[in-house]
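All heavy atoms count here, side chains included; hydrogens, waters and symmetry mates do not.
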Amino acid sequence: MLESSTYTADSIEALEGLEAVRRNPGMYIGGSGSEGLMHLVWEIVDNAIDEAAAGWADKVSVTFHRDGSVEVVDNGRGIPVGQHAVRNVTALEVVFTELHAGGKFKQGAYSTSGGLHGVGASVVNAMSVRLDVEVRRHGYRHSLSFHKTRPGLFKSGDFHPGHKLRKTRFRSSANPTGTTVRFWPDTALFDADASFSVEMVRERLHQVAYLVPGLKVQIIDRRYGKNQEPFIFVSRGGLTDLVEERVEEHSGPSGRAICQAITLNGIDTFLDKVPSEGGVSEIERECVVDAAVCWVEGTTSEVMSFVNTIPTADGGTHVVGFDKALTRVVNNVLLKGNRKLAKLARRNQHRAAKDDVQQGLIAAVQVKFPRPQFQGQTKQALGTPAVAGIVSRITYEQLKEWFEPGGGPRKQVRNIADKLAVAVADRVAFRERLAIDRKASRLGSARLPAKLADCRVHGPTAELILVEGDSAAGPAKRGRNSEFMAVLPLRGKIVNAAKASAAQVLENVEAKAIFTAVGAGAGPTFDISAARYGRIVILCDADVDGSHIRCLLLTLIYRYMTDMLTQGRVYSAQPPLYSTKVAQKTLRAYTEAERDEMTRKIIGNSKSGGGATANDGKSIRWQRFKGLGEMNVEELRYCALDPKTRILRRLTIVDAEEAESAAEMFDVLMGSDVARRRNYLVNHSVLVDADMLDI
């Protein structure tokens with residue numbers, strides 16, 4: 001323990017200028033990883049977007065250079081370059097060197113904006129080894145650079161400290177205006193693997209173009225050469241167009257819209273308390289609300305939210321107000337007296353929950369008002385309390401009007417009501433059935449599936465092996481380590497959990513067997529701490545049917561035992577496709593390419609006197625495993641059961657999302673619906689090379 005004499009007045013350190021940012025980057029940009037690095041881009045981009053939102057700019061360009069720098073250009077008014085009355089340097093220098101300095105504190109310069117704390121530009125400067133800024137105003141180009149936060153100018157590659165701007169007159173009669181900022185991040189302050197994401201910038205500016213109609217955005221990536229096509233986008237629409245675009249992207253077997261995009265908008269005021277000389281005063285703020293909502297088939301849900309022009313990934317008070325109003329208006333108006341919920345109403349179980357209402361919902365919510373209070377500098381969530389009530393009132397009143405007779409098209413209103421009523425009924429049935437199943441599963445092993453070959457020890461080290469078919473189950477049971485390995489054979493293809501209702505899933509014999517064996521419930525009530533096994537291993541044939549079953553199993557786990565995936569507890573065994581013996585040694589190949597490469601090496605060793613007599617490969621007999629049932633016990637143990645020799649692939653949420661799409665395509669191409677398959681083949685026949693067909 002340190003002596004008290006070591007803690008003195010000299011221990012108190014006051015950080016000045018931008019040093020506080022460099023010492024504590026997490027406080028200002030969220031961390032030193034890729035997220036923090038990207039936040040530097042957002043700060044400069046947000047300033048440019050604010051100029052566009054205020055009506056002063058209609059072009060914003062972001063360029064990623066090969067030297068690691070990022071350049072943001074707008075054609076707005078340009079940062080003021082005059083002498084600051086208090087600091088005795090230019091206002092431009094103040095903006096980039098002092099925290100909480102900017103043009104968004106006083107009323108008049110911006111009615112609404114995304115950058116509000118006055119730290120954005122200065123924080124970027126603090127975290128950069130170099131920053132160049134050029135301002136175009138009043139027929140002149142004004143330039144200033146910073147080297148490790150110090151102001152000055154670069155001349156012939158050398159930095160000369162100073163406060164004077166380089167000023168040059170435009171030679172042409174054109175009088176362009178705007179600001180260009182180019183910064184080189186100080187890599188020593190960031191993690192080694194931190195990197196910029198051009199795709200994230202593209203997605204964000206694409207969204208912003210909808211928030212500021214008429215704004216042209218451009219992204220140029222010069223990091224890998226000069227031939228990269230720039231991304232250019234401009235939109236004349238608003239949030240309705242954004243929602244319709246997202247519906248289009250979600251379109252497919254489970255994404256078709258069941259109603260038009262419903263537009264909501266309104267204006268209200270609230271009192272905001274702001275510090276003033278001598279205390280706190282109240283200012284009346286005007287809040288503009290814009291929203292668009294649409295429901296699609298299936299369970300896809302996406303709610304995008306924005307404050308002024310800033311995307312709020314974590315929502316905030318405006319999203320809270322939207323969610324509450326949406327749930328309330330659906331219960332009070334849309335589903336009031338719904339016949340499909342009559343039985344549930346008698347048990348008081350007919351009220352829709354948030355998840356029911358947002359099943360298949362694609363929506364965008366934007367609020368615009370001065371001086372929003374964000375939860376932290378990274379602006380991931382809005383914290384202004386009064387906005388929740390304003391958004392809630394406008395959303396409720398206008399959706400109520402649309403749902404009631406005389407509002408929206410009655411067929412579309414019925415489509416939404418039918419969809420959400422089914423969601424409520426499915427949720428109630430799902431929970432009731434799960435309650436029964438979970439209660440039964442806890443009665444003891446007598447309630448476990450009869451075909452389950454259980455292990456002796458359960459817990460984190462135990463694993464449940466899901467085996468395709470009884471033919472492979474026999475060798476798997478004999479080859480496993482029964483101490484910690486349980487085997488559950490599956491017969492036929494299980495239910496497609498992506499398109500089946502909860503009731504259909506619970507009625508499926510194979511799905512029910514998996515839930516009961518794991519013993520932790522399923523869906524919303526899944527409790528991973530109650531799982532009898534620490535991991536699930538999928539063991540399927542290396543053919544088309546096996547791939548289909550693997551996709552269906554992964555979809556089921558993704559939908560009803562999600563935590564097993566998010567915690568990395570789901571694996572797929574990778575049995576070999578081919579096997580052969582050369583000089584009493586067993587060789588295994590997992591792909592055709594690997595088989596061919598091994599054959600070439602064997603032939604090469606033979607010709608060079610390696611000892612194996614390959615006879616130019618003619619004596620090599622590769623065995624193709626058509627299914628797990630063809631493997632004997634020893635072969636299966638070596639390839640899929642023995643932890644020392646088997647190969648397992650950990651499956652992720654991304655794998656599960658891809659599996660859902662694959663399972664749907666399997667159903668189209670291999671299912672019993674001939675008309676559906678014919679329509680698909682006809683619609684996609686243009687993709688077929690006629691010269692490849694044997695006709």
Side-chain angles (χ1 to χ4, degrees), residues 11-49 62-72 95-102 114-133 145-151 159 181-205 219 221-224 307 310-316 373-383 566 568 652-654:
S11 303
I12 306 302
E13 180 182 12
L15 300 178
E16 297 182 357
L18 301 181
E19 186 61 25
V21 181
R22 297 174 63 85
R23 294 274 194 96
N24 304 287
M27 179 178 177
Y28 295 89
I29 62 174
S32 57
S34 296
E35 181 181 355
L37 192 62
M38 287 302 301
H39 193 76
L40 302 185
V41 181
W42 304 144
E43 289 291 0
I44 303 301
V45 167
D46 289 347
N47 289 338
I49 297 300
V62 181
T63 302
F64 292 84
H65 293 281
R66 298 187 69 177
D67 59 3
S69 65
V70 179
E71 183 179 52
V72 180
V95 167
F96 283 91
T97 57
E98 296 197 21
L99 298 176
H100 308 293
L116 300 163
H117 305 137
V119 301
S122 57
V123 163
V124 176
N125 188 23
M127 300 297 289
S128 299
V129 69
R130 175 180 175 178
L131 185 146
D132 295 342
V133 57
S145 295
F146 299 88
H147 178 60
K148 295 184 177 179
T149 73
R150 296 174 62 199
F159 181 72
V181 178
R182 183 173 178 179
F183 65 93
W184 289 255
D186 190 344
T187 56
L189 300 177
F190 292 91
D191 300 342
D193 59 349
S195 62
F196 290 117
S197 171
V198 176
E199 181 63 22
M200 289 180 64
V201 177
R202 188 196 71 80
E203 291 179 0
R204 181 152 173 174
L205 288 186
I219 301 171
D221 189 359
R222 292 178 176 167
R223 295 176 299 173
Y224 310 110
V307 174
I310 302 297
T312 46
D314 296 333
Q373 301 300 313
F374 290 100
Q375 297 175 9
Q377 164 60 16
T378 55
K379 306 170 189 172
Q380 297 297 298
L382 177 66
T566 57
T652 65
I653 290 291
V654 174

What do the steps show when you test V123 against L99 for side chain to side chain contact (heavy atoms under 4.5 Å, CB included), and what is the final call?
CA-CA 8 Å; V123 163; L99 298 176; 4.2 Å; yes
Are I29 and V21 close enough, and set up right, to give a side chain to side chain contact (heavy atoms under 4.5 Å, CB included), and what steps lead you there?
CA-CA 9 Å; I29 62 174; V21 181; 5.8 Å; no
With sequence neighbours excluded, tell me which residues meet ring-ring contact (aromatic ring centres under 6.0 Å, His included) with F146.
F96
After noting the C-alpha distance and the side-chain angles of F183 and V133, does the key distance pass the side chain to side chain contact (heavy atoms under 4.5 Å, CB included) rule?
CA-CA 9 Å; F183 65 93; V133 57; over 6 Å; no
Kindly write out the residues that satisfy ring-ring contact (aromatic ring centres under 6.0 Å, His included) with F64, not counting sequence neighbours, or none if the list is empty.
F196
Give me the atom names and distance for the closest heavy-atom approach of A48 to V72.
CB-CG1, 4.2 Å
Heavy-atom pair with the smallest gap, counting every atom of N125 and T97
ND2-CG2, 4.1 Å
Are R202 and V62 side-chain neighbours, meaning at least one heavy-atom pair lies under 4.5 Å?
no
Spacing of CG belonging to L382 relative to CD belonging to Q375, to within rounding of 0.5 Å
7.5 Å
Could you tell me which non-hydrogen atom of A121 sits nearest to which non-hydrogen atom of I44, and how far apart they are?
CA-CD1, 4.3 Å
Run the salt bridge (Lys or Arg N to Asp or Glu O under 4.0 Å) test on D46 and R204 for me, step by step, so that the C-alpha distance in whole Å, both residues' side-chain angles and the decisive distance to 0.1 Å come before the verdict.
CA-CA 11 Å; D46 289 347; R204 181 152 173 174; 3.1 Å; yes
For L189, side-chain contact (heavy atoms from CB on, under 4.5 Å) partners two or more places apart
R22, M127, D186
Might you work through the side-chain hydrogen bond (donor to acceptor under 3.5 Å, both in side chains) test for S32 and D191, ending with a clear yes or no?
CA-CA 6 Å; S32 57; D191 300 342; 3.0 Å; yes
Can a side-chain donor-acceptor contact be found between H39 and E35 if the only test is distance below 3.5 angstrom?
no
Any residue meeting side-chain contact (heavy atoms from CB on, under 4.5 Å) with S69, in chain and number order, not counting sequence neighbours:
H65, D67, R182, W184
Determine whether more than 12 heavy atoms belonging to other residues, nucleotides or ligands lie under 6.0 Å from atom CZ of R223.
yes
Run the numbers on Y28 and E43 for side chain to side chain contact (heavy atoms under 4.5 Å, CB included), then give the verdict.
CA-CA 11 Å; Y28 295 89; E43 289 291 0; over 6 Å; no
Quick one: CD on Q380 to CD1 on I310, what's the gap to the nearest 0.5 Å?
10.0 Å
Would you please name every residue forming a side-chain contact (heavy atoms from CB on, under 4.5 Å) with E203, sequence neighbours left out?
E199
Can you list everything that forms a side-chain contact (heavy atoms from CB on, under 4.5 Å) with T312? Sequence neighbours excluded, please.
S305, V307, H318, F374
State whether the side chain of S34 and the backbone N or O of S195 hold a donor-acceptor pair below 3.5 Å, judged by distance alone.
yes
Got a second to check how far F159's CZ is from R130's CZ, nearest 0.5 Å?
9.0 Å
Under a 3.5 Å threshold, yes or no: a donor from one side chain and an acceptor from the other, between S145 and D132?
yes
Give the minimum heavy-atom separation between A194 and G33, together with the two atoms involved.
CB-C, 3.6 Å
